[in-house]
J.: 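Once you've had a glance at the structure underneath, I'll fire off some questions.
Heavy-atom basis, side chains included; hydrogens, waters and symmetry copies ignored. Source: prediction; values computed, not measured.
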Amino acid sequence: MEWSSILCYVVGILAVVMVLSFIRKPSKWIFKLVLNGLLGGVMLLIINHFGKSIGLTLPINPVNSLIAGILGFPGVILIILLEFIL
C-alpha cells in the first residue's frame with residue numbers, strides 16, 4: 001500500500017470524526033433547549049392551575065415556555081410582571 005493511500009485513509013477518518021463531533025454538540029444544545037422549554041411549560045401549567053383562584057393566568061406559548069425554562073423561576077416572575085404591566 002502506498003503512503004498516499006494511507007494518508008487519504010487517515011485524513012478521511014479524521015474528517016469523519018470531526019463531522020461527528022460537530023453534529024453531536026449542537027444536538028445536545030438543541031435537546032437541552034427543548035427540555036428546558038418543556039419544563040418551563042410545566043411550570044406555567046402549575047402556576048395557571050393554582051393561580052386560577054386569585055385570577056392569575058399566564059398564556060402558554062413557545063416563547064413563554066422557553067423564557068420560563070431557560071431563566072427558571074426568575075423567568076416566571078418576569079412573565080407574571082409583564083402580564084400585569086401589559
J.: In terms of hydrophobic clusters joined by side-chain contacts under 4.5 Å, are L82 and I80 together?
T.: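 L82 clusters together with I80.
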J.: Are L78 and F84 connected into the same hydrophobic cluster when the rule is that any two of I, L, V, M, F, W, Y join if their side-chain heavy atoms are below 4.5 Å apart?
T.: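 Linked within one cluster.
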J.: So which heavy atom on A68 is nearest to which on V76, and how close?
T.: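 Nearest pair, atom of A68 first, then V76: CB-CG2, 3.8 Å.
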J.: Output side-chain donor-acceptor pairs under 3.5 Å for residues 60-67, partner residues at least two apart or in another chain, one line each.
T.:
{"residue": "N61", "atom": "OD1", "partner": "V63", "partner atom": "N", "Å": "3.3"}
{"residue": "N61", "atom": "OD1", "partner": "N64", "partner atom": "N", "Å": "2.8"}
{"residue": "N64", "atom": "ND2", "partner": "P59", "partner atom": "O", "Å": "2.8"}
{"residue": "S65", "atom": "OG", "partner": "N61", "partner atom": "O", "Å": "3.0"}

J.: Please list, one pair per line, the donor and acceptor atoms closer than 3.5 Å that link side chains of residues 37-57 to other protein atoms, with sequence neighbours excluded.
T.:
{"residue": "N48", "atom": "OD1", "partner": "L58", "partner atom": "N", "Å": "2.6"}
{"residue": "N48", "atom": "ND2", "partner": "L58", "partner atom": "O", "Å": "2.9"}
{"residue": "S53", "atom": "OG", "partner": "F50", "partner atom": "O", "Å": "3.4"}

